[in-house]
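Data block below; observations after.
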Amino acid sequence: MKFNVEVGPQFEGERVRKDDLYIEFGGPKVGAKVELATIKKMDEVEHGKITIIGPDIGDLAEGGSYPLGVQVEVAGPELDKDMEPVFERRIHQYCNYIEGFMHSAQRNDVWIRISKDAVKKGLTSLEEVGKVLVYLYPSELPIIEKVAVTFITDSKKVEEFLPSALTVYKERDERVKGLTEEVVDEFYGCTLCQSFAPTHVCIITPERVSLCGAVNWFDGRAASKIDPYGPQFVVEKGELLDANTTIYSKVNEVVAEKSMGASSVFCLHSVFGNPHTSCGCFESIAFYIPEVDGVGILTRDFSGESVNGSPFSTMAGELSGGKQVEGYIGMGVEYLRSPKFLKGDGGLRRVVWMPKVVKERMKDSISPEMFDKIATEEHAKNIDELTEFLNKVKHPVMSGEFS
Amino acid sequence: MSKNKEETLKIIKGEDAWEPVGPTPLPDITDLRNWSMRLLKTYKPFYAPFCDLCCNCTYGKCDLTAGKKGACGIDIATHQARWVLMQCCMGLSAHGAHGRHLIDYLINKHGKDYKIDLGLQVDVEAPIIRTVMGLKPEILGDLRTVIEYVERGLIHLVSSTHTGQEGHYLDFENKSLHAGMLDLLAMEAADIAQIAGYNYPTSIADTPLVELGWGAIDKTKPVILAIGHNAAPINATIDYLQNNNLEDKVEVCGICCTAHDVTRRSDRAKVVGHLARQLFFIRCGIADVIITDEQCVRTDVPEEATRAGASLIATSDKICYGLEDVTEKEIDEIVKMITEEKKQVLILDPDKAGEVAARVAIAIAPGRKKEFINEKTAMKLAKECNGCNLCSEACPNLLSVGKSVKEFADGEVDKLSETFKLCFTCGKCEQKCPKNIPIIKIMQAVATKETYKMRSGRGPIHDVEIRQVGSPIVLGTIPGIVAFVGCSNYPKGDKEIAEMMDEFARRKYIVVASGCAAMAAGMVKDKEGKTIWEKYPPGFEAGGVLNVGSCVANSHIAGAAIKVANIFAKLPGRANYECIADYILNRVGACGVAWGAYSQKALAIGTGFNRWGVPVVLGPHSAKYKRLYLSRKEEDDWNIMDGRTEKMMDEYVEPAPEHLAIVIESKERAIVSIAKYCIRRNDTPVGRQIKLNHYIALYKKYMGEGFPDDLHLFIRKPTDVPMFFKREVMDYLKKIGWKPRQQVGLPTLINTYPTKANIADIK
Amino acid sequence: MKPYWDVNVLTGTKTAKIVEDPVQWASIIKKSIRPLYILGPDTVDRNIGDKLFLEYCLDVAKAGNLPICATAHVRKKMSEMGVETDSAYDIIEIINHLKDPEWQGVRKEGNHDLIMFTGVRCDLAERGLATLKHFAPHLKTMALCRFSHPNADFALPVIRKDTKWQEYFDGLVANLIN
Ligand code: SF4
Ligand code: SF4
Ligand code: SF4
Ligand code: SF4
């Protein structure tokens with residue numbers, strides 16, 4: 001495939017700054033913007049069809065901000081509706097592979113910036129972007145057999161398209177909310193990290209994102225269909241052996257097999273007993289603080305020492321490598337939002353310390369009552385200060401009333 | 001010669017239980033021999049004799065051409081291997097002695113119990129020392145233990161080069177690999193010592209940007225130039241200037257690694273440039289005082305200093321230049337000897353030398369005239385040229401210097417200015433000129449006077465950085481770590497280094513530099529006027545460009561690879577060389593590039609990296625090292641064990657990395673090859689896709705359309721094929737009859753040869 | 001005879017036979033059974049007169065029906081010119097293969113018995129020729145290079161003038177065709 005600009009993973013994360021900006025689509029200055037991927041029947045999609053409704057890049061005045069709707073329709077006999085959000089995220093990923101083309105945010109917040117250099121090199125039509133998408137979807141995801149892409153730059157037409165997209169988003173969000181470990185039939189496992197932590201297995205449920213933060217239940221589902229022999233695979237639940245710490249019989253079996261016997265009991269939602277293993281690429285750590293009988297959260301980008309005196313590197317050294325280490329788990333930061341977060345240990349009510357930025361980020365998921373009771377580095381730099389703080393705010397761990 | 005176990009444990013403080021002691025504490029020549037031999041089975045030595053004769057002993061000269069043997073029975077291959085070992089030992093002793101001096105000096109200053117603290121971000125302070133020796137150094141005194149171990153090894157290595165000792169090239173190679181390993185060890189000790197002893201930056205990534213280029217030196221001030229690798233004396237100058245509030249009034253600058261180390265001490269110090277600018281800059285006459293320390297310093301500095309009207313202070317027992325040793329004299333008296341009697345002196349006390357340099361510079365600078373010659377004068381000098389080209393014939397970089405001089409005389413500037421960019425300013429051309437034309441002086445007129453920036457050396461890679469990139473490196477989604485190291489014997493100038501670094505940084509490799517390469521990379525600006533040091537972030541991250549520091553800081557590059565295994569993957573590291581090296585070889589996609597390597601040190605360093613399992617790409621001049629380690633991808637032994645099942649994977653032919661030490665002729669080819677040498681057998685499908693994506697894209701850019709002829713060897717399953725080339729590659733694979741094969745779970749060589757290493761460690 | 005570049009001065013006893021006459025050069029090639037022509041990057045980075053160096057070399061290859069190994073980045077220019085190379089090993093790699101008498105050659109018909117170099121960086125070529133001199137007694141080497149190479153079996157004298165160099169090529173091509 002030949003394009004006017006280069007396409008490749010090296011452009012991921014490339015920024016288009018103000019001085020380099022040719023035009024932008026969407027973003028804060030524009031009201032009408034939307035992006036949607038949907039699955040259609042095989043005969044509803046004409047593969048490779050790229051439609052542009054409204055003026056193209058080359059027709060638009062330099063320096064302006066313009067409306068945009070992106071609609072990707074895919075088809076393939078094995079696709080299922082739950083994969084739509086996964087495919088929609090690919091718009092972001094693929095667009096960012098394009099040199100001088102920066103895609104950020106999603107849904108009706110989407111924001112695209114195109115650089116002067118890219119336009120100079122010949123990126124003067126959205127057709128080229130469409131071609132990249134049409135090429136990459138089936139290349140990466142062979143279960144997709146047909147792709148069609150529509151770009152809408154006509155403001156009125158975008159407005160017309162928007163309500164239907166919002167309805168789809170809403171339905172999806174409802175579905176996510178309703179997805180609990182109880183209602184789904186299967187979980188997913190990932191052993192990608194075994195290449196450096198040979199006994200590590202990630203179990204991914206609708207209420208437990210992978211500990212690298214990169215794989216949620218939908219991703220796991222899509223990936224296991226796309227490459228059944230790949231690193232992500234289906235895990236049947238089996239029988240629920242312990243509803244509190246959350247132990248499932250079949251999960252135990254899979255973990256035992258994939259870890260070559262290193263772990264045979266796996267609690268999904270507890271740091272005690274037989275916790276989930278940790279490979280080495282976890283975003284954060286939940287660690288037990290015996291002095292206060294509470295749990296602290298430490299993230300990788302926190303550069304100081306945590307409240308128990310260890311910086312991330314030291315603590316990470318303790319628990320990584322695919323072993324079950326009681327009192328510690330590596331976890332994706334988003335796991336904090338899960339209703340089942342450390343269910344077996346008292347959930348967020350057991351949490352006594354986390355970095356300030358994380359607390360702010362999680363604000364809408366922490367109850368107002370608990371929010372003021374969780375210390376950050378501003379409240380406590382060591383265990384003594386922590387104890388004092390917890391006493392002052394009457395944290396539930398101090399009275400043992402966390403569960 | 002079995003070692004005393006108790007003695008060993010005592011040396012490495014075995015009771016200190018930070019990790020259990022692994023199978024090979026304090027290894028001697030034969031302890032890791034099986035690992036060497038296993039590597040050499042796949043990566044066979046390749047010899048390119050520089051000279052067909054041997055004149056090592058009084059039986060000689062012996063002609064060893066094509067199958068003939070010497071009077072002692074040696075053949076040409078074994079003789080080459082012996083040479084390589086001698087050179088590795090030279091390199092090793094240069095670093096070892098440098099470390100020994102620094103450590104002794106710092107122990108004198110701070111005491112042997114002075115704590116080593118590399119800051120909050122660095123817990124594993126000495127990955128090489130820990131892995132090779134089994135020692136965890138905590139105080140300066142421990143670093144002396146390291147050097148003592150190195151010294152003990154060195155004596156045995158050098159001994160084996162005597163006539164009538166070792167008789168097989170493979171065993172010489174094992175010894176060279178051993179020397180290389182000790183070399184990295186000595187370098188790590190030396191750099192840790194200076195970081196601790198001089199408070200060099202550590203545990204931060206964005207070290208200051210310092211000024212670079214001879215154009216950056218303020219001629220109106222007294223100028224002190226340090227040349228070499230041991231910054232002790234010039235650091236003392238900095239201390240003296242700081243203590244006397246003179247830092248603004250005096251320019252301190254350096255050439256070669258001592259420039260790195262003095263800018264780590266003070267970011268006001270400046271870097272003139274790399275090794276190849278030595279004679280040029282001395283002859284410019286801008287330096288009032290020259291301090292020489294050790295290594296890569298020109299042998300004719302005394303003569304050149306005199307010619308340029310500069311004072312000279314030699315400071316090392318390695319380079320005494322026949323000068324009077326005035327170490328014991330009073331400072332006032334020495335200053336007087338230099339300023340009034342115009343003497344060049346040897347001062348073996350770094351503190352004294354540092355102060356004398358400052359005082360002399362301040363005293364003599366006002367009386368000296370310092371100007372680059374102008375174009376008109378230069379052209380007048382060039383007018384004498386008769387176009388005989390004798391100068392060109394002498395040029396070690398094969399430059400048509402005669403033609404350039406002739407054209408310059410006729411008013412054409414460009415060609416000479418291009419020649420200067422590729423020139424080593426070695427002076428060989430001038431010696432040949434029947435007209436005595438001062439070619440290097442003429443070049444002053446065409447040399448840029450631009451000022452550049454270089455990020456000063458940062459020391460070790462942080463443990464947290466390792467943790468953050470550990471997974472993408474091992475999975476392969478960060479496509480590789482490419483380290484540009486070594487000297488400035490570049491075939492086509494500094495520009496190529498900057499270009500290569502840029503190509504990999506923009507592709508989100510982690511790009512590391514050190515030594516002269518870090519300087520060369522900074523001597524080029526992009527269209528926005530930025531050097532590579534200003535353009536990319538300084539962290540050990542995808543797309544980061546880092547300067548670890550001087551030559552001895554190369555140890556931190558190996559250290560980073562070890563840390564990926566030890567910190568990130570939790571492989572036990574203590575005295576566990578083979579397991580860690582095996583991990584690096586099979587799983588850490590790192591590649592060294594020594595594009596202008598010239599020295600024996602560079603040979604030792606490269607060989608040291610090879611033993612750790614890191615491939616090294618060398619520029620064309622390095623064929624003169626006489627030995628490479630090459631495989632033949634279609635024919636050689638690529639069998640590997642799956643560590644999980646401990647079964648041999650015989651069908652599993654994947655030449656990754658393809659070579660351990662190879663010379664590549666052109667930059668274009670090198671770029672494509674480096675991308676390939678970052679492929680590892682452990683890559684996950686996503687990682688392999690990314691690596692192959694770059695390999696293919698670069699191939700198309702530099703080698704033309706189509707696909708590399710070995711592409712199929714690196715594709716295990718369709719999921720390895722980069723999505724950007726999916727259809728074309730799948731068609732191509734079909735055409736050549738490719739068949740899918742399995743991916744090996746935990747690729748390892750451990751237990752495929754007799755070893756004390758424990759395969760359980762890698763599980 | 002001293003080669004043009006001082007760095008290539010021989011320290012040894014076995015030195016190249018200088019072949020001044022293109023007729024003789026051509027007849028050596030013709031007598032070989034499986035020759036190989038190795039082209040280095042100077043052929044694409046330099047001109048002789050106004051013509052790209054590579055074009056002269058391709059004429060030789062064509063006239064003598066010589067398989068080509070395009071080292072460094074020579075392949076790119078060749079493919080732009082629509083010429084396919086038989087092999088694209090880099091210089092050190094091809095030498096490493098040639099050392100092995102059992103190797104099957106770039107056309108998989110057996111190892112080559114005659115190797116000719118043009119346009120490889122002179123100091124590197126000299127090292128490669130030394131390797132072959134010592135470790136590949138099963139083949140002969142020729143350096144078709146105006147700077148002369150003592151480590152080859154057959155070398156040119158130093159040719160200083162472009163016109164003389166062009167003449168040599170012309171003579172060679174003419175005699176290879178006949
Ligand atoms: S951490 Fe992420 S990549 Fe690693 S095994 Fe878990 S889900 Fe897979
Ligand atoms: S060391 Fe051996 S080959 Fe060299 S001169 Fe002495 S006898 Fe001859
Ligand atoms: S000084 Fe420069 S031009 Fe002269 S011989 Fe040395 S490298 Fe060549
Ligand atoms: S040797 Fe001297 S005279 Fe001859 S070309 Fe070179 S500069 Fe000119």
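Note that the coordinates shown come from a computational prediction; the quantities given were computed from them, not determined experimentally. Chain naming here is simple, since letters A, B, ... match the order of the sequence lines and numbering starts at 1 in each. The figures here come from the full heavy-atom set of this structure, side chains too, leaving out hydrogens, waters and symmetry mates.
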- Where on C:Val120 is there a heavy atom nearer than 4.5 Å to chain B: the side chain, the backbone, both, or neither? both
- Item | Winner by heavy-atom pair count (cut-off under 4.5 Å) against chain C, out of B:Lys44, B:Glu634, B:Lys700 | B:Glu634
- Query: Does a side-chain N-to-carboxylate-O contact under 4.0 Å join C:Glu126 and B:Lys624?
  - Reply: no
- Query: Do B:Arg632 and C:Glu102 meet the salt-bridge criterion of a basic N to acidic O distance under 4.0 Å?
  - Reply: no
- Between C:Arg127 and B:Tyr625, does a side-chain hydrogen bond (donor to acceptor under 3.5 Å, both in side chains) hold up when you go through it step by step? CA-CA 10 Å; C:Arg127 303 278 54 78; B:Tyr625 280 135; over 6 Å; no
- Item | Between B:Leu630, B:Leu398, B:Ile76, B:Thr65, the one whose heavy-atom pairs under 4.5 Å with chain C are most numerous | B:Leu398
- Message: Quick test of your reading of the model: are C:Lys133 and B:Asp52 salt-bridged, counting only N-O distances below 4.0 Å?
- Response: yes
- Query: Which of the residues C:Asp45, C:Asp100, C:Thr131 is involved in the greatest number of heavy-atom pairs with chain B at under 4.5 angstrom?
  - Reply: C:Thr131
- Could you tell me which portion of C:Lys77 (side chain, backbone, both or neither) has an atom closer than 4.5 angstrom to a non-hydrogen atom of chain B? neither
- Please look at C:Phe147 and chain B and tell me whether the side chain, the backbone, both or neither of the residue comes under 4.5 angstrom of a heavy atom of that chain. neither
- Item | Inter-residue atom distance C:Asp90.CG - B:Arg669.CZ, 0.5 Å rounding | 4.5 Å
- Contact part of C:Ile92 toward chain B, heavy-atom cut-off under 4.5 Å: side chain, backbone, both or neither? both
- Under a 4.5 Å heavy-atom cut-off, does chain B meet the side chain of C:Ala136, its backbone, both or neither? neither
- Please look at C:Ile95 and chain B and tell me whether the side chain, the backbone, both or neither of the residue comes under 4.5 angstrom of a heavy atom of that chain. both
- Where on C:Tyr4 is there a heavy atom nearer than 4.5 Å to chain B: the side chain, the backbone, both, or neither? both
- Message: Looking at C:Asp6 and B:Pro396, would you say the former's side chain and the latter's main chain have a donor-acceptor pair under 3.5 Å?
- Response: no
- Task: Check C:Lys76, C:Arg75, C:His73 against B:Glu668 for a side-chain contact (heavy atoms from CB on, under 4.5 Å) and give me the one that passes.
- Result: C:His73
